[in-house]
Amino acid sequence: MDVDEIRSDLTEVLITEDEIHAKLAELARRVETDYAGNPPLLVGVLKGAVMVMADFARELKMHVEMDWMAVSSYGASTESSGVVRILKDLDTEIAGRDVLIVEDIIDSGLTLTWLRANLESRGAASVKILALLRKPEAAKVEVDVEYVGFEIPPAFVVGYGLDYAEKYRNLRAIGVLAPHVYQ
Ligand code: IMP
């Protein structure tokens, strides 16, 4: 889906499809260097990271394995609480592996802080994080994120895997959702 199809649902296009792909290529070159001779296991967090994983993994000029987790971080409320439930666990044994978590966005950072600790406790040799977007103002906890695509303002964004009520995930670009859509 292109921005033109839902232009009035957005107040602003924050990042275009071309900008996303250029950034993922840049991150891929860094990952290739950092993991040279030591292919990582990419762990995507469902569902938001599907697009980032698909494009980032194809951009990499090295072998990688991919696995997926689904976690729920919000419980009953819409505010991130840091209480995380595993809805779908990895199929891969990660003891001794170099794991690179692939995420769409870091908001409070609570989900990723929990996830990194969880994967480390399974004996992974290393656990690093790649996130396409980060909202710095919203950070409640300091998360060390080795690879960040874009720093964005603390607005609610949709597209490229990010949803509002399961919609807009298939939008090619990333935009700020207009208040009239959710008010
Ligand atoms: P947190 O970092 O623990 O607060 O949770 C991050 C998760 O919240 C992401 O993986 C998204 O699923 C969701 N999220 C946070 N901000 C946004 C947004 O602006 N649009 C859509 N989803 C978001």
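All values derive from a computational prediction rather than experimental measurement. Position 1 is the first residue of the sequence, and the numbers go up from there. In listed order, ligands and their atoms are each counted from 1.
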query = Side chain or backbone of Val158 under 4.0 Å from ligand 1, or both, or neither, by non-hydrogen atoms?
reply = neither
I'd like to check which ligand 1 atoms, numbered from 1 as shown, lie under 4.0 Å from a non-hydrogen atom of [X].
X: Asp163; result: 21 (C)
X: Lys135; result: 16 (N), 17 (C), 18 (C), 19 (O)
X: Leu162; result: 21 (C), 22 (N)
X: Val157; result: 18 (C), 19 (O), 20 (N), 21 (C)

Considering only distance and modelled atom types, tabulate donor-acceptor pairs under 3.5 Å from the side chains of residues 34-42, sequence neighbours left out.
| from | atom 1 | to | atom 2 | distance (Å) |
| --- | --- | --- | --- | --- |
| Asp34 | OD2 | Tyr147 | OH | 2.6 |
| Asn38 | ND2 | Asp98 | OD2 | 3.0 |

ask   = Looking only at N/O atoms, are Gly109 and ligand 1 under 3.5 Å apart anywhere?
value =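 Checking ligand 1 against Gly109, an N or O pair does fall under 3.5 Å apart.
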ask   = Any N or O of Thr111 that comes nearer than 3.5 Å to an N or O of ligand 1?
value =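 Yes, there is a polar N/O contact under 3.5 Å.
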ask   = Can you tell me how far the OG1 atom of Thr92 sits from the CE atom of Met69, to the nearest 0.5 Å?
value =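 With rounding to 0.5 Å, OG1 (Thr92) is 11.0 Å from CE (Met69).
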query = Quick one: does Leu133 get within less than 4.0 Å of ligand 1, heavy atoms only?
reply =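 It does not, in that no heavy atom of Leu133 comes within the 4.0 Å cut-off of ligand 1.
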Heavy atom of Ala155, distance to ligand 1 below 4.0 Å =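 Yes, Ala155 has a heavy atom closer than 4.0 Å to ligand 1.
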request  = Identify which one of Asp55, Ile105, Leu133, Asn170 satisfies the side-chain contact (heavy atoms from CB on, under 4.5 Å) criterion when paired with Tyr160.
outcome  = Asp55
message = Heavy atom to atom 4 (O) of ligand 1, shortest distance: which of Ala131, Ser72, Ser108, Gly48 holds it?
response = Ser108
inquiry  = Taking NZ in Lys23 as the centre, count heavy atoms belonging to other residues, nucleotides or ligands within less than 6.0 Å. Is the count above 12?
reply    =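 Buried by this count: over 12 neighbours within 6.0 Å.
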key: Other residues, nucleotides, ligands: >12 heavy atoms within 6.0 Å of His180 NE2   = yes
ask   = How is the hydrophobic cluster of Leu87 composed, in terms of its other members, when Ile, Leu, Val, Met, Phe, Trp and Tyr link through side-chain heavy atoms under 4.5 Å apart, directly or indirectly?
value = none
query = Closest approach of Arg172 and Ile20, non-hydrogen atoms and distance?
reply =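 Shortest heavy-atom contact: O-CD1, 3.7 Å.
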